[in-house]
Each structure stands twice: as C-alpha cells, then as structure tokens.
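Presented below is the structure to which this report refers.
Being a predicted model, the structure only gives us computed values, none of them experimental.
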Amino acid sequence: MNNYIIKSVSSLEKCFLDDNIQDKKEYTSFSCLLNEKLNFQIAYIMTSDTLKDKSPCYFHIQSELKDFIRVYKVESVAVRLPVYHNLPINNYQRKVPHCYPDLLCPYDKKDNVYFVPNLLQSLFIEVDLSDNTCFYGDYVIKCYFTDNDGNTVASTDVSVNIINSMLSDKKITFTQWFHGDCLASYYAVKPLSKKHFTIMKNFLKTAYEYGINAVLTPVLTPPLDTKVGGERPTMQLVDITKTSSGYEYSYDLLDKWIDMCNEIGFEYFEISHFFTQWGAKHAPKVVAYVNGRKKRIFGWETDATSDEYISFLRDFISNLLIYLKNKGVDKRCFFHISDEPNEKNIEGYRNARNSIIDLLDGYLVTDALSSIEFYKQGIVTSPIPATDKIEPFLKQNIDNLWTYYCCGQFIDVSNRFIAMPSQRNRIIGTQLYKYGIKGFLQWGYNFYYNQYSRKLVNPFLITDGDFFAPAGDAYSVYPGHDQKPLKSLRLVVFNEALQDLRAFLKLESLTSYEHVMKIIESNGKISFSKFPEDIEYIINLRERVNKEIGKLTKEK
C-alpha cells in the first residue's frame, strides 16, 4: 500500500532528498501586495510497503488565480564544493558534498510527478501578480495530485490574501553581471551574431523580470576574471577602425544592444571597465580594424597609463559620450575604472582614474572594493564596499552608497551559495533597507567558465566553476536546452528580498522609517553580519508589514 504525504511549505524551505517531511513547517496561508510574485512550495513524499520504486502522478491546481500561476519541479544538483575547507562557522544547511535542491524546471502538466518511497521532493509554485491590478482579496489555491486513473491521491488548500495596495515604485539599482561570451561559448554560436543576440535577449528578459535593472554593457570586452596573458571571447560592442590620423567608431552593435535592453525595460547601463581587474595595471582587450584586418591593438601587453592607450581611451570615451547623449541614455549610464583594487594598488588605480576622470564629470563612477582608504583619499567618491567590509563606510555617511558580495563573503553575512539556507539569501532586502543602500552588485548572473575564464564548464554538473568558488556563486540561472534560462531557487528568493525592500518603502511612505525599523527590529537589532537565522522571522515580518499596509490603505 502507498501512503502519499504532501505539505504546503514556505518558498524559503529547501527539501533535500533525504529530509523528513515532518520536520518541515507547514504554511497554508500567505499574503502579498497587488504587484509582486508570491511563492510557496508543495513538498511531497510517499511511504510504501511494496517493492515498486515509484508511483507516477500528475499535479493540478484549481483557483481563480490559475492564469497567474507557474509551477516548477525543484531539482537537485551535484554540489562538490558547498563551503570553503575547514569553515568553522555554521548557518549553512550542509557543509558536505551532496545533492542540493536548486534548479527550477518548468512543470508540464502532461508530465509525471513521481512519488518515490522515502524521497522528499517539492514543487515550486509562483503566483506571478507583478502585472496584476484587479485581483485582490481572499483566494484559495487547491493543489492536488492524481494517479494515472485520475484518482486524487493527495491534496491541500493554500489561501492567499492579496492586499489592494502596490509595492513602492522605488527600486534599488541592482546589477548582476551578464556574461554574453559565456552564452556564445555554451551554445556554440558566433559572438554578437544575430543568433547570439536572440539568446542574450532570452537571458536578459529573465534577469529583468527578477529584479536586475542595470545591465553590464561591454563597450569593450570586459576585463573580468581573465587569466593574465589570456583573453575572453570578444564582446566589444563598439567597432573601431585605426587610421593614420586616429580612430573611427561605429556604434551599430551598441545601438542594437541598447534598443534591445530598452525594449526589455532596463533602467541603467553599466559601462564595462576601462582597465584590468585587481589593480588597473593593464588595458582591456581592444580590437580594431587595421589596414582592413581585425586585430588586437591593446591588452595585457599594454601598461594602463601608457601614452598610446590613454590617448586612445580619452578619444574613445569622448566619442562614446557623444553617442550616448545623442541616443538619450547617457544619464542612465554609470562607469567603472577597475574591479576590486586593494591598498597595494592605490597609486596605480589613482593614476588610471586621473587619466580619464575629467571626461566623466557629472556621471557616476564607481567600483567594487573593500579598503576605506580609496574613499578617505578621495580616489573613489562612490565606492561599492563588500557587505563584510561595509562598517567603516557606513560611518562616513556616504551619499549613494552601494554594496556587493561575491565568493569572499562567506562568514556571517548574507549570500546566495547553494549550501546556504534561503533565508540567509533573502535577509539582504531587510539589511539594504535599514542602511538606505542605493545599489547592489553581484558578479555572476551567468558565468559558465572556470576561474580566470580558461575553459567552459557544464553548470548542471560543475556548480562550483571547477572548484573556483562555493557552488552557486558564479550564476543564478542555468542554460536551458531551448536557448532560454532555467531559474534557480537563489534567483527567485533574491527577488523576494527586493520585494521585501519595496514593501518596507511602501509602509514607510504611509508611516515613517522609524516605524518600519521598529517592526523589523522588534526581536533585536540587525546588521549586515547579525540577523535572525530562522525562516519564521522573514515570513512573519512580511505578514506584519503587509497587514499594516492593508490597514493603512483602507483608512486612506
């Protein structure tokens, strides 16, 4: 006899195959605002006294909200490197190689769901109300499984209260670096070809849908995560011709890129770095037509502040700005010098910056870094410190302060490694709100190379970039077989964090910042390194905030 067990659980729950469903807290009611994505999961398992290893079933939903609902199978992926070796700190779900739930595969209602004895699985339910303006009030979502004969074997009801109020229109600037060359390599298409643009558009649509509103724009091939002396596939959107009297530029590809991103809805263009990573020592790869043939004219062999490169770069930036102004997007652009310089690189970074900074007067020029000295010495006036190094920057009361994290932020602070609990991912929205952070950066939306971009890896099998970083750090989407992205738990949970931030801003507009913070810290102070680690904190926090928004909206 088969015993089918299902349970409605939070979107923050991770159902490992060997988990006990009895240990998962059941949630049967949720609330949200009009224009957000509401997520939950249906955990399912079977006990059996037969020798049969699986029972094929079908999953169904009945609800007035059915047209808004998308269903995904939560698939487990192989994780070899969940955490760094000898990490003494907890707040990871597991710290050993294992199959970890992460990949979201769209569920085809014609496909089977297999109940397998003693194997816990889950379906991710996304109620996408982001474009909803008319459905509000109380609704029921009936979730049930049927066998091959159409008999219901398990069911549960989930109630949803949609509050007749919108998330705040205010959004943090969020960039998660888009790596177009990885898509060209993975799908074996020519970089910047028509087919490549189609694939990039597919991936960019998903990026924008899940909160990324600034797009890394490779006017030159980005000098990021590249082996010294090596190079990544050319992603340069500006065609350059070197002539006897200087340089000529064609912006046809950049035109196509900007038009595509505008159509999708991106608000900001993040212009790629003008000098190499980790110290601004060299020029990025620059290719140009010379005597009718395309060749590299600058690269690792070029000192960052060489007369020839600076002469080119000043001409390049001056002409680029004219183009961006004529295109009407220059005020939506921000610029970088070099990624992640440290104190050993101060003078080199300063010299590189000073060689072009006058051209960028009036524009945001910013870089990810960790040393406060760059700010104190006036070298970087708009820094992006890492979340675990942000405290000294907060004390400076910097206007327009951003923050970032990458593989180095693995102790205490929020991050989105696959091995981390989802609440550690989502808490970032609360932290960004508390400190009034204006922008957030993360380096890997779709990085499918290994360290220093030496070769392509299969992200379905190698989730750590070939032991580059803890699993999941390098990408938030998987490359689907249909040239479209497959989402991860980490992507959708981070979007929940962004929605939390906008909900806090909405309540603040109805009350005050102090009022919202009193709710957030009702159980104790939080910071970037200290925060409640349980699922219930965030779930209950949003429920309370939603309830207050609903009450105050009715009163108005």
Establish, from distance only, whether the side-chain atoms of [X] and [Y] form a donor-acceptor pair under 3.5 Å.
{"X": "E543", "Y": "Y27", "answer": "no"}
{"X": "D473", "Y": "W443", "answer": "yes"}
{"X": "S414", "Y": "Q431", "answer": "no"}

Regarding [X] and [Y], does a basic nitrogen lie under 4.0 Å from an acidic carboxylate oxygen?
{"X": "K7", "Y": "E26", "answer": "no"}
{"X": "K37", "Y": "E209", "answer": "yes"}
{"X": "E548", "Y": "R542", "answer": "no"}
{"X": "R94", "Y": "D18", "answer": "yes"}
{"X": "R80", "Y": "D466", "answer": "yes"}

Return the orientation label for the F334 and W402 ring planes: parallel under 30°, perpendicular over 60°, tilted otherwise.
->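 Judged by the thresholds at 30° and 60°, the geometry between F334 and W402 is perpendicular.
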
Hey, what's the ring geometry for Y139 with F135, parallel, tilted or perpendicular (30° and 60° as the breaks)?
->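 Tilted.
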
Given side-chain hydrogen bond (donor to acceptor under 3.5 Å, both in side chains), test S122 with Q41 step by step and report yes or no.
-> CA-CA 6 Å; S122 68; Q41 295 179 83; 3.0 Å; yes

Test F494 against Y210 for ring pair (Phe, Tyr, Trp, His ring centres under 6.0 Å), laying out the working first.
-> CA-CA 8 Å; F494 191 89; Y210 288 86; over 10 Å; no

Ring pair (Phe, Tyr, Trp, His ring centres under 6.0 Å) assessment of F460 paired with Y478 = CA-CA 7 Å; F460 293 95; Y478 295 79; 5.3 Å; yes

Could you give the side-chain donor-acceptor pairs of residues 162-175 under 3.5 Å, partners two or more places apart or in another chain?
unit_1: S165; atom_1: OG; unit_2: T553; atom_2: OG1; d: 3.4
unit_1: S168; atom_1: OG; unit_2: K170; atom_2: N; d: 3.0
unit_1: T175; atom_1: OG1; unit_2: E270; atom_2: OE1; d: 2.4

